[in-house]
Amino acid sequence: MPRKKMFYSIYVFSIMFAASVLSIRCPVNSNEKDTIQQMPQKALNDKELMGKYRDLCTELELTTVIEGIEGYSQEGILYKKEYSDIFDCWTAEITGAVDMKLDLQTGHLLKIFNSLILNKIYGDNSLKDPYEGKPKMDKEQVVEKVEKYIRIIEGEQKYKTKLIEVIFSKQGNLRGNWILRWKRYHDKYMYYEDRIELDLNETYGIVTYANHCISDIPSTVEVKIFEEEAHEKAIEFANNLISSKKIFSGAGVSFKKWFRDFIIGSVISSELLIVNPNYLLTDKSTYMASNRIRKANLAWAVTVEAKYIGKTGPKGETLGNKKILVWIDAATGEILGGDFTL
C-alpha cells in the first residue's frame with residue numbers, strides 16, 4: 001500500500017519505541033503461541049472500529065489536516081488485523097493522516113502516530129528552531145492538557161501510574177514537542193516495562209501515544225530475599241552465563257562467545273521492581289522471542305558489570321565493559337531472566 005509519509009521510518013526508529021530497543025522478552029512454546037494468536041471470537045466489526053477511530057480523532061483534537069502537507073487519508077483506512085506481541089492482544093491498525101492501533105476486542109486505544117505533524121515540523125523547521133529554546137506553554141499547562149487526553153483514552157484506570165518525565169525538546173526529531181512519560185506502580189514498587197508515553201506538539205497536538213500497561217498485579221510483594229543475597233545470586237549467575245556455550249536465538253552465537261575476553265566485576269546497582277519473567281538467561285529458555293507475558297513478579301533487578309580484559313587497539317582503545325541485568329524473585333530467589341544487551 002503506497003504511503004506518502006516521508007519521514008515515517010526515521011521517526012519510528014528514533015522515537016516511538018526507543019524504550020523498547022533490543023528488549024528481551026518472554027519465550028513462548030509453539031502450543032501456547034498458537035493458542036494466544038487465535039483470532040478472538042468476539043471482535044469489533046469494521047464499522048465499529050472506524051467509528052471508534054473517528055470518535056477518538058474528534059475527542060483528542062487530533063490534527064488530520066495541515067495546509068501544504070499531504071496526508072495519506074483524513075478518514076483513515078482499516079489496514080490490517082493481527083496479533084501484537086508488544087501489547088499481547090489482537091489489534092486493528094488504522095492508517096491515515098493519523099495512524100492508530102486499537103484492541104480488536106474492546107476498541108481500547110493502544111497507540112497513536114501522527115506523521116502529518118512530523119512532516120510539517122521537518123518541512124518548516126529543518127534548519128532552524130522556531131521556539132528559540134523557549135516553549136509557549138509551561139509544564140503545569142502541558143500536564144493539565146495532556147491529563148485530559150489521558151482520561152479520555154483510559155477512562156477509569158485499573159492501575160496506578162506516576163508521571164516521571166515532562167521535558168520540552170529543543171532540537172532533533174521532537175523539537176517543539178513536549179515529551180511526557182508515566183510509569184506504572186503497585187504498592188510502592190515500579191513496573192519495569194509498564195508505562196504510558198505521549199508526545200505533544202504545542203501547535204498541532206498529540207504526535208505519538210503508546211500504552212504498555214499490560215501486566216497483572218503480582219501475587220505477592222513479600223520480600224524474603226535480602227539485597228546482599230540477591231547480589232550473590234546475580235554474581236554467581238553472571239559468572240555461569242559468560243562461560244556457557246548455550247546458543248541464543250537466530251544469531252547462532254553462544255553466551256561464551258558474546259562475552260569473550262570479559263570477566264564479571266561487581267554489582268553496579270540493584271532495586272526492587274515488578275518484572276515480566278522472560279527466563280531468557282536460564283535453562284528454561286533456549287531462544288529469543290518477542291512475546292511479553294502478563295504475569296508479573298516482584299524481583300530484585302541487579303545490574304552486574306562485565307569487564308573487558310582483552311586486547312587494546314593501537315591507541316589503547318578497548319571494546320568497553322558490558323552490563324548484565326539479572327532478575328531474582330524477591331520471595332523465592334528464583335532467577336526470572338533479565339537482559340544481557342544493555
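Side chains are part of it too, since the values below use all heavy atoms of this structure and drop only hydrogens, waters and symmetry mates. As the structure is a computational prediction, the values presented were derived from the model and not from experiment.
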Measure the shortest side-chain to side-chain distance between Ile268 and Val304 over non-hydrogen atoms and say whether it is less than 4.5 angstrom.
no
Distance col, row Ser269:OG vs Lys323:NZ, nearest 0.5 angstrom, shows 7.5 Å
Atom CD of Glu236: over 12 foreign heavy atoms under 6.0 Å
no
Using a strict 4.0 Å threshold on nitrogen-to-oxygen distance, state whether Lys148 and Glu61 make a salt bridge.
yes
Find out whether Tyr191 and Pro218 are in side-chain contact, i.e. whether some heavy atom of one side chain is under 4.5 Å from a heavy atom of the other.
yes
Side chains of Trp300 and Leu272: does their closest heavy-atom pair fall under 4.5 Å?
yes
Does any donor atom in the side chain of Asp88 or Tyr83 lie under 3.5 Å from an acceptor atom in the other side chain?
yes
Would you say the side chain of Tyr79 lies within less than 4.5 Å of the side chain of Ile94, judging by non-hydrogen atoms?
no
Can Leu62 and Met100 be said to form a side-chain contact (heavy atoms from CB on, under 4.5 Å), step by step?
CA-CA 11 Å; Leu62 299 179; Met100 284 188 199; 3.6 Å; yes
Ile66 pairs by side chain to side chain contact (heavy atoms under 4.5 Å, CB included) with which of Asn114, Leu116, Asn119?
Leu116
Looking at CH2 of Trp182 and CD of Glu165, how far apart are the two atoms once the value is rounded to the nearest 0.5 Å?
10.5 Å
Tightest non-hydrogen contact, residues Lys52 and Gly107, listed as CE-O, 3.2 Å
So if you build clusters from Ile, Leu, Val, Met, Phe, Trp, Tyr with side-chain heavy-atom gaps below 4.5 Å, do Ile196 and Ile152 land together?
yes
Does Lys47 offer a backbone N or O that forms a donor-acceptor pair with the side chain of Asn45 under 3.5 Å?
yes
Please round to the nearest 0.5 Å and tell me the distance separating atom CH2 of Trp90 and atom CG of Leu102.
15.0 Å
Counting heavy atoms not belonging to Lys81, are there more than 12 under 6.0 Å from its NZ?
yes
Of all heavy-atom pairs linking Cys89 and Arg294, the shortest is CB-NH2, 4.4 Å
Heavy-atom closest pair (Leu325 atom, Tyr192 atom, distance to 0.1 Å) is CD2-OH, 3.5 Å
Spell out, as yes or no, whether a donor-acceptor pair under 3.5 Å connects the side chain of Gln141 to the backbone of Asp138.
yes
State, with a plain yes or no, whether a side-chain heavy atom of Ile217 is found less than 4.5 Å away from one of Ile274.
no
Is there a path of hydrophobic side-chain contacts, each under 4.5 Å between heavy atoms, that joins Ile214 and Leu298?
no
Shared hydrophobic cluster for Val326 and Ile263 (ILVMFWY, side-chain gaps under 4.5 Å)
no
For Val98, the option from Ile112, Leu56, Thr63 that meets side chain to side chain contact (heavy atoms under 4.5 Å, CB included)
Ile112
Min side-chain heavy-atom separation Tyr159-Glu154 under 4.5 Å
yes
Looking at Asn211, Ile150, Thr208, which one forms a side chain to side chain contact (heavy atoms under 4.5 Å, CB included) with Leu198?
Ile150
Heavy-atom pair of closest approach, residues Ile328 and Ala234:
CD1-N, 3.8 Å
Rounded to the nearest 0.5 angstrom, the OG-CH2 distance for Ser169 and Trp178 is 11.0 Å
Side chains of Glu75 and Tyr53: donor-acceptor distance under 3.5 Å anywhere?
no
Pairs touching residues 325-335 that satisfy salt bridge (charged side-chain N to carboxylate O under 4.0 Å, His left out), sequence neighbours left out
Lys284-Glu334
Common cluster, Val166/Met137, ILVMFWY with side-chain heavy-atom separation under 4.5 Å
yes
Any side-chain heavy-atom pair from Arg195 and Met190 closer than 4.5 angstrom?
no
How far does CG of Leu109 sit from CG of Leu60, to the nearest 0.5 angstrom?
7.0 Å
Can the positive tip of Lys322 be found less than 6.0 Å from the middle of the six-membered ring of Phe262, inside 45° of the ring normal?
yes
Run through Trp327, Phe237, Phe255 and flag the one making a ring pair (Phe, Tyr, Trp, His ring centres under 6.0 Å) with Phe340.
Phe255
Short question: side chain of Asn276, backbone of Lys295 - any donor-acceptor pair under 3.5 Å?
yes
Tested for side chain to side chain contact (heavy atoms under 4.5 Å, CB included) against His212, the lone hit among Glu193, Glu197, Arg184 is Glu197
Of all heavy-atom pairs linking Asp194 and Cys213, the shortest is OD2-CA, 3.4 Å
Minimal heavy-atom distance between Ser270 and His231, with the atoms involved, is OG-NE2, 2.8 Å
In plain terms, say whether Asp261 and Lys307 are close enough for a salt bridge, that is, a side-chain N and a carboxylate O under 4.0 Å apart.
no
Got Asp103 and Phe87 here, is their nearest side-chain heavy-atom distance under 4.5 Å?
no
Give a yes or no on whether Tyr209 and Ile164 share a hydrophobic cluster (residues Ile, Leu, Val, Met, Phe, Trp, Tyr; joining criterion: side-chain heavy atoms under 4.5 Å apart).
no
Can you measure from OG1 (Thr303) to CD (Glu271) and round to the nearest 0.5 angstrom?
7.5 Å
